[in-house]
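Below: the structure, in C-alpha cells.
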Protein chains: 2
Amino acid sequence: MASKQQTSRKAAGTGAAIRRPETRAANGRADSGDTGDDIGLDALVGHAGYAVRRFQLWIFQDFIKTLATVDIRPTQYSVMTVIGANPGLSQMAVAKRLGIERARLVHLLDSLEERALVSRIQSATDRRSHALHLTGRGKTALAQFKRLAAEHERHVAEKIGKENREQLLQILASFT
Amino acid sequence: MASKQQTSRKAAGTGAAIRRPETRAANGRADSGDTGDDIGLDALVGHAGYAVRRFQLWIFQDFIKTLATVDIRPTQYSVMTVIGANPGLSQMAVAKRLGIERARLVHLLDSLEERALVSRIQSATDRRSHALHLTGRGKTALAQFKRLAAEHERHVAEKIGKENREQLLQILASFT
DNA sequence: ATCAATTGTTGTCGTCAACAACAATCTTTC
DNA sequence: GAAAGATTGTTGTTGACGACAACAATTGAT
C-alpha cells in the first residue's frame with residue numbers, strides 16, 4: 001500500500017529451519033557492525049500493557065501445548081468450564097459471562113458439539129434460547145482437561161514463582 | 001460444518017443497541033426461570049491465563065482509546081519506541097526484540113512509513129537489511145505518544161491500584 | 001394485536017500469530 | 001573464488017479472535 005520498496009529487492013530467504021528463539025546469529029544493528037545482542041535500554045519497561053501482552057502470549061502457548069494431546073484451546077476450555085459449573089445456561093449468558101460475543105460463541109459451540117462434548121438443548125420456557133449442557137463424554141473429558149490445566153498452572157508457577165502467581169491472581173481477580 | 005441446527009430456526013434479532021456490558025436484561029438460565037445474574041462460582045478462578053486474557057483485553061482497549069486521537073495502536077507504539085531508543089536497528093532485530101514476526105513487522109513499518117513516522121534506510125554494510133530510524137516528524141510524534149501512553153498507565157493504576165500495578169510490572173519484568 | 005427487545009445465527013472486516021516459500025544478499029567452506 | 005548454506009526482507013495463506021451489522025424466530029410490553 002505504501003512506498004514499499006523503491007529498490008530492486010523483492011523477496012528472499014531459503015526459509016531455513018529457525019525454530020527456537022534461543023537461536024540467534026543476527027548482529028542486530030544494521031549499519032554499525034557491533035554485536036548488538038542486548039538491545040535493552042528500551043523505554044518499554046514501565047508499560048503494563050506490553051508486559052501483559054508478552055506474558056499472555058507465553059501463557060496461552062503453554063496452555064495450548066500442555067493440552068495439545070486433547071486438542072483444547074483456552075477459550076474452548078473456559079466455555080466448557082462455565083457450562084460444567086452452570087448447566088442449562090443460555091448462549092447469551094455464557095457469552096456475557098466470558099466476555100465473548102454471541103457470534104463467536106456460535107462457532108465455538110459448533111465445534112464442541114461436533115465432538116460431542118456439549119449439547120444444545122431446546123429450552124422449555126424460551127423457545128429462542130438453548131440450554132447448554134455437557135454430554136456424558138463432555139463431563140469425563142472436562143475432568144481430564146482440568147487435570148492438564150492444573151499441570152499448565154504448575155508451569156506458570158515455575159515460570160514466575162508460586163507466590164508471584166498467587167499475587168497475580170489476586171491483583172487481577174476483579175477481571176475474572 | 002457441524003450438526004448446526006436440526007430445528008427450523010435460522011437467525012433472528014433486531015440488532016438492538018446493546019453497548020455497555022453493564023446493561024443486562026437477560027435472565028441467564030435458559031430453562032429454570034430464576035434471575036441468574038451472578039453466574040460466578042466458576043472453576044475459572046485460579047486460572048492465570050483467563051485473568052490475564054481479560055486484563056489484556058481491557059488494557060489494550062484503554063490504550064487504543066487513550067491514543068485514538070493520534071491513531072496509534074499498542075504494537076505500533078512498541079515498534080516506534082524501540083526504534084527511537086535504538087536507531088539503526090534492522091527489521092530482524094526489532095522483530096526479535098518485540099517478539100513479533102518479520103512478516104508482521106513489514107506491514108507495521110509500511111503503515112508507519114506511509115505516515116512518515118519511520119524511515120527504512122538502506123544499510124551500508126549489509127545490502128539485505130534496512131536501518132530503521134525515526135523521522136523528524138516521528139520523533140516529535142513519539143514524544144506526544146509517550147505522554148498519552150503515560151496517561152493510559154495512569155488509567156491502569158486507577159483500575160488495579162498504584163502499588164498493584166508496580167507489583168505486576170515487577171512480576172512480569174522477565175517477559176519484557 | 002402491535003411494536004420493541006431478545007436470542008441464536010450468518011456474514012463481513014480488521015487485527016494478530018504462525019508458517020511456508022521466494023529473491024537478493026551475506027557467510028562459510030572447500 | 002565458486003558452491004553450498006544461512007540470513008533478511010517480502011509476499012501469501014491459514015486460523016483464532018474481537019467488533020459490527022443484519023436477519024428470522026420468538027418473547028415481552030403496550
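Each chain gets a letter, A, B and so on, in the order its sequence line appears, and its residues count up from 1. Worth saying up front: this structure is predicted, and the values here are computed from it rather than measured. Every heavy atom of this structure was used, including side-chain atoms; hydrogens, water molecules and symmetry mates were not.
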Separation of D:dT10 P from B:L109 CG (nearest whole Å): 8 Å
Side-chain touch B:L67/B:I72, heavy atoms, less than 4.5 angstrom: yes
Euclidean distance, atom CG of residue B:D110 to atom C1' of C:dT15 [Å, nearest integer]: 16 Å
Under 4.0 angstrom between B:R104 side-chain N/O and D:dT13 OP1 or OP2: no
Rounded interatomic separation in angstrom, taking CZ from B:R102 and C1' from D:dT7: 8 Å
Salt bridge present between B:E166 and B:K162 (N-O < 4.0 angstrom): yes
Among D:dT10, C:dT9, C:dA17, the one nearest B:E101 by side-chain distance: C:dA17
Euclidean distance, atom CD of residue B:Q91 to atom P of C:dA24 [Å, nearest integer]: 17 Å
Gap between atoms CG and P, on B:L112 and C:dT15 respectively (whole Å): 13 Å
Shared hydrophobic cluster for B:V52 and A:I64 (ILVMFWY, side-chain gaps under 4.5 Å): no
Under-3.5 Å donor-acceptor pair between A:R127 side chain and D:dT26 base: no
Protein-nucleotide distance (B:L98, atom CG; C:dA18, atom C1'), rounded to Å: 17 Å
Whole-Å distance separating the CG atom of B:L105 from the C1' atom of D:dT10: 11 Å
Greater than 12 external heavy atoms within 6.0 Å of B:Q170's CD: no
A:Q91 side-chain N/O to A:R102 backbone N/O, donor-acceptor pair under 3.5 Å: no
A:T66 backbone acceptor or donor facing A:E151 side chain under 3.5 Å: no
Earlier contact from the 5' end, DNA chain C, for B:L108 and A:A103: A:A103
Atom pair distance, as rounded to whole Å: CE in B:M92 and C1' in D:dT10: 13 Å
Residue-level proximity of residues 50-77 of chain B to DNA chain C when a heavy atom falls under 4.0 Å: B:R73, B:T75
Side-chain donor/acceptor contact of A:R128 with base of D:dT27 under 3.5 Å: no
is_close_aromatic(B:F175, A:F55), centroid dist under 6.0 Å: yes
